Amino acid sequence: MKQAAKGLLLAATLFSPALAHAEAVAGHCVDGVCRVTLTADQLLAKASQLVAERQFDQARPMVAALSNVAAFRMQTHFLTGFIAVETGDTESAVREFRAALVGNPGQTRIRLELARALMMQGNRDAADYNFRLAEQDAKLPPEIQATIRASRGLLRDGRDKHLSFDFGIAPDTNITNGTNAQTVDLVYGNQTVPLTLTGNARSRSGIGQTASLSAGIRHHVAENIALLADVDGQGVNYKGQSADDFTGQFSVGPEIKLSDRTVISLQGIASQRYYGGERAATQFGGRANVEHTLNAGQRVGLTIDSRHTASGFSPDYNGWTTGAYATYERVVMRSMVASASLFYRTERLKSKIYSDDEIGLNLGIGGELKHGINAGISGGISHASYKAPLLSLSANPRADWRYNARIYAGLRSVRVLGFSPSVAYTYSRIDSSMILYQSNRSRLSFNLARYF
């Protein structure tokens, strides 16, 4: 509590230089050399005053001296970052502000300065994210809240781009997503014949090499109108080829700002998936999305996505897939974002055996923790019902309960050749009315990611 109070005093000092003060507790001169001794508290106050007065050269030695005081580590990083951003060294500023937040993710003033430095760098997505977290602080003065809203508006209206890449290894208990059953019963009239399952029909474990790429651009082309273009790709390679899975997607279209709080986007989509070395699915379609900000820290969204699939495995899988997704997000604890999403998805394929309706719920929370950790946890449940039975296996249409969960942790504050390490555990389970489609899967992935 004492350290938090000092952080608040520091913020007030930088906003109001008149609050800064420092008194010498002892002074003496020997042989014409005068020495003044300051307590750590007084040194902090004097350094803050000099920074507020923009006397950076005089402040630097004092800030450097403060770095030896463990109790003032947060304040030292903050003052160092503030001097850096005010003198044009945004890279050092971002590094120092992130270090200041490592043990203090709820410090609004530091997060605001981090957002400002990221904005100066042109890192708009990260800047908007940090502005959004800071905006949730109800104690902010009205003029600061107005500045945040204006800054986020500039970020949305300007030219934007993003690029991220990661790679790693992923031990997986079920790379085929198959059943553990060794046989299933085929029904022919009054006879039941057991069928032995082999190959990808059964579960098997493996270690894959994974990689993913996400890139996009948002270019302001007219008042309240921007052009969005995104490219996403991901893949996993296992020993052999039968379970390799690679997907690429491209989307492009306009984004229209209806008001300061409401944005709508329309995008055409093309995607390609290869599984086991063969073309699994080619898709063309479109997506419409509307996003509305309710108030500081809260927003809702609705997405409609519809695509036509041409399968490389069988024409039975050709047809349309359409989904609707309603999402609610809220900033909590000033550094975390919680979300809830309801969805409905329907597949209308050539074969009714593989056509289904699915409805489900996903919940999640993620954000910044202490010690420089970015972490999140999410989970979901859904129910799928199919249109026609696979008569050789069951007289009734297939019905599934599906479960999923994911835990993620990353260290953005740690860099290895520009890449940050992360670890994620994912679990999925299908409880199906047909044993052939029952499955359990656990996957642990170790990745290095870079954000450009």
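All figures in this text were calculated on a predicted structure; none of them were measured in a lab. All values below were derived from every heavy atom in this structure, side-chain atoms included, with hydrogens, water molecules and symmetry-related copies excluded. The residues of the chain are indexed from 1 along the displayed sequence.
- Within 6.0 Å of atom NZ in Lys387, more than 12 heavy atoms from other residues, nucleotides or ligands are found, so the atom counts as buried in its surroundings.
- A donor-acceptor pair shorter than 3.5 Å cannot be found between the side chains of Gln438 and Ser432.
- Tyr317 and Glu347 are not linked by any side-chain donor-acceptor pair at a separation below 3.5 angstrom, with hydrogens and angles left out of the test.
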### Query
Does the pair Tyr425 and Tyr408 meet the rule for a ring pair (Phe, Tyr, Trp, His ring centres under 6.0 Å), with working shown?
CA-CA 7 Å; Tyr425 170 76; Tyr408 163 86; over 10 Å; no
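- Between the side chains of Ser382 and Glu358, a donor-acceptor pair is found at a separation under 3.5 Å.
- For the 3.5 Å distance criterion, the side chains of Gln267 and Asp230 qualify, holding a donor opposite an acceptor.
- Relative to the ring axis of Phe246, Arg273 does not place its NZ or CZ within 45° and under 6.0 Å from the centre.
- Here Tyr386 and Tyr354 keep their ring centres 6.0 angstrom or further from each other.
- Between the side chains of Ser271 and Gln283, at least one donor N or O lies within less than 3.5 Å of an accepting N or O.
- The shortest non-hydrogen separation linking Thr176 to Ser203 is OG1-CA, 3.5 Å.
- Under the 3.5 Å distance criterion, with hydrogens and angles disregarded, a donor-acceptor pair is assigned to the side chains of Ser92 and Arg95.
- No option in Asp356, Thr322, Asp357 other than Asp357 meets the side chain to side chain donor-acceptor pair (under 3.5 Å) test with Arg348.
- Side chain to side chain, Ser422 and Asn447 fail the donor-acceptor criterion of an N or O pair below 3.5 Å.
- No side-chain donor-acceptor contact under 3.5 Å links Arg441 and Ser439.
- Phe343 and Tyr325 have parallel rings, their planes meeting at less than 30° on a 0 to 90° scale where 60° marks the start of perpendicular.
- A 6.0 Å sphere centred on CD of Gln209 holds more than 12 heavy atoms belonging to other residues, nucleotides or ligands.
- Side chain to side chain, Ser428 and Asn404 fail the donor-acceptor criterion of an N or O pair below 3.5 Å.
- For Asp316 against Leu349, the heavy-atom pair with the smallest separation is O-CB, 3.7 Å.
- In summary, the side chains of Thr303 and Asn289 do present a donor paired with an acceptor at a separation below 3.5 Å, with no hydrogens or angles considered.
- For Tyr427 and Asn440, the side-chain atoms include at least one donor-acceptor pair closer than 3.5 Å.
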